[in-house]
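Before any comments, here is the structure.
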Protein chains: 2
Amino acid sequence: MTTTRRFPTREELRIWRDFIETGEAVRSAMAARLQRDGLSSGDYTVLLALSEAPGRRLRSSELAATVGWERSRLSHHLGRMEKRGLIRREECLTDNRGAEAVLAPAGLEIFQQVNRPHLRDIREIFVDALTPAQLEATGEIMAALREHLARE
Amino acid sequence: MTTTRRFPTREELRIWRDFIETGEAVRSAMAARLQRDGLSSGDYTVLLALSEAPGRRLRSSELAATVGWERSRLSHHLGRMEKRGLIRREECLTDNRGAEAVLAPAGLEIFQQVNRPHLRDIREIFVDALTPAQLEATGEIMAALREHLARE
DNA sequence: CGGGCATAATTGACACGTCAATCAGCTTGG
DNA sequence: CCAAGCTGATTGACGTGTCAATTATGCCCG
């Protein structure tokens with residue numbers, strides 16, 4: 001009876017824009033809080049991954065896979081973090097092409113300072129804004145979007 | 001009875017990360033499609049606003065308000081779009097400080113070419129991925145997040 | 001063995017976004 | 001009227017992200 005609509009309705013469009021804009025607003029609010037401790041979201045992502053890695057070190061490519069970044073993005077970011085003394089780079093013993101990123105003392109210290117406040121911020125900005133049912137629905141919606149994306 | 005939890009649970013954290021990462025994935029998928037026509041998301045946003053404005057022109061500050069951007073972001077973006085011939089800048093007659101952004105013929109043409117495919121992409125990437133109930137829930141969740149953010 | 005291909009990582013060029021500083025023109029209170 | 005301050009817009013510096021090219025090494029097959 002009803003054929004597949006070609007274009008979104010006004011309401012669907014509104015929700016789409018809400019989705020995009022709210023995501024940006026939430027990320028930017030979180031970035032602002034992290035910034036108070038001098039970290040960007042990317043910094044936190046890297047520090048978290050390294051702090052959880054055995055020996056607090058990871059091959060560049062493993063780190064990239066862990067955080068889901070492209071190599072070159074990681075390379076640029078590590079360069080900036082190294083300049084600030086948050087990480088070090090070392091050569092890889094088992095593969096001369098390889099590089100390892102090592103959590104530096106300054107990086108560990110700031111991560112430990114920032115981690116609990118950051119988790120609290122996630123609760124304040126995100127978890128507390130939603131009912132348990134909405135939170136669950138969010139999980140399902142994100143899963144549906146990702147699965148749909150993957151089917152292309 | 002139950003005091004406010006200090007930190008998110010594992011599950012809440014998972015949903016938080018899903019929310020952030022899915023948002024990034026969806027935006028990036030959309031950006032890739034627009035890119036096939038040589039436009040960034042920002043370009044589309046500006047072209048849409050201008051194409052709907054009376055005379056296809058807007059004062060810079062009004063354009064900034066319409067799309068919700070900071071002035072300086074808009075200024076940089078308009079500079080790039082002007083270089084590509086998508087818009088022109090003209091002086092404002094009523095306020096010598098002012099500048100107007102005017103949709104250039106090339107900008108109008110590409111916008112008209114891109115608009116319908118873009119709307120179709122929104123349906124394919126976003127609307128089609130969700131059930132009607134999920135779509136409605138998304139609207140409510142985004143509203144809740146924004147309202148919560150505004151309360152700070 | 002060694003030429004050719006794959007892989008690890010970096011680099012450079014460029015688009016994008018934010019922040020702080022700047023500049024010009026409007027506006028207003030004494 | 002005019003100095004002080006406000007507003008519109010741009011700019012420069014810098015962090016960030018992507019893409020394509022590059023460099024160096026490992027690996028495999030003939």
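Letters go in sequence order (proteins before strands), and every chain restarts at 1. Any value given below was found using the heavy atoms of this structure, including those in side chains, with hydrogens, waters and symmetry copies removed.
- Between the base of C:dT7 and the side chain of A:R97 there is a donor-acceptor pair shorter than 3.5 Å.
- For B:L74 and C:dC19, the CG to P distance is 16 Å, given to the nearest whole Å.
- Under 4.0 angstrom from either OP1 or OP2 of C:dG17 there lies at least one side-chain N or O belonging to B:H77.
- Between the CD atom of B:E91 and the P atom of D:dG8 there is a distance of 17 Å, rounded to whole Å.
- Distance, A:R27 CZ to D:dG17 P: 11 Å, rounded to whole Å.
- When the nucleotides D:dG8, C:dG17, D:dG17 are ranked by their closest atom to the side chain of A:R73, D:dG17 comes out on top.
- The shortest distance between the side-chain N/O atoms of B:R80 and the OP1/OP2 oxygens of C:dA15 is not below 4.0 Å.
- Within the 4.0 Å cut-off from OP1 or OP2 of C:dC26, at least one side-chain nitrogen or oxygen of B:N96 is found.
- Distance CD (B:E62) to C1' (D:dT7): 14 Å, rounded to an integer number of Å.
- Note: CD (A:E21) to C1' (C:dG17) measures 16 Å, nearest angstrom.
- A distance of 11.0 Å separates CG of A:D128 from CG of A:D121, quoted to the nearest 0.5 Å.
- Considering only the side chain of B:E70, C:dT18 comes nearest among C:dA8, D:dA9, C:dT18.
- Rounded to an integer number of Å, the gap from A:L78 CG to C:dA9 P is 10 Å.
- Considering only side-chain N and O atoms, B:R89 lies under 4.0 angstrom from the phosphate OP1 or OP2 of D:dT10.
- Checking each of A:R59, A:R56, A:R57 against A:E90 for a salt bridge (Lys or Arg N to Asp or Glu O under 4.0 Å) leaves exactly one that passes, namely A:R57.
- When all heavy atoms of B:A99 and B:C92 are compared, the closest pair comes out as N-CB, 4.2 Å.
- At C:dC19, none of the side-chain N or O atoms of B:R71 fall inside 4.0 Å of OP1 or OP2 (strictly under the cut-off).
- Listed nucleotides D:dT11, C:dT11, C:dT10 differ in distance to B:H76; the shortest reach to its side chain belongs to D:dT11.
- Positionally, the nearest nucleotide of DNA chain C for A:D95 lies more toward the 5' end than for the other of A:S28 and A:D95.
- Nucleic acid contact class of A:S60 (heavy atoms, under 4.0 Å, all strands): sugar-phosphate only.
- For D:dA9, the OP1/OP2 oxygens have a side-chain nitrogen or oxygen of B:S61 closer than 4.0 Å.
- Put simply, CZ on A:R71 and OG on A:S61 are 5.0 Å apart, with the number rounded to the nearest 0.5 Å.
- By the 4.5 Å heavy-atom criterion applied to side chains, A:I15 and B:E136 are not counted as neighbours.
- Rounded to whole angstrom, the span from the CD atom of A:Q35 across to the C1' atom of C:dG17 amounts to 13 Å.
- A donor atom on one side chain and an acceptor atom on the other are found under 3.5 Å apart for B:R80 and B:H77.
- Distance A:E82 CD to D:dT16 P: 15 Å, rounded to the nearest Å.
- Considering only side-chain N and O atoms, B:S72 lies nowhere under 4.0 angstrom from the phosphate OP1 or OP2 of D:dA9.
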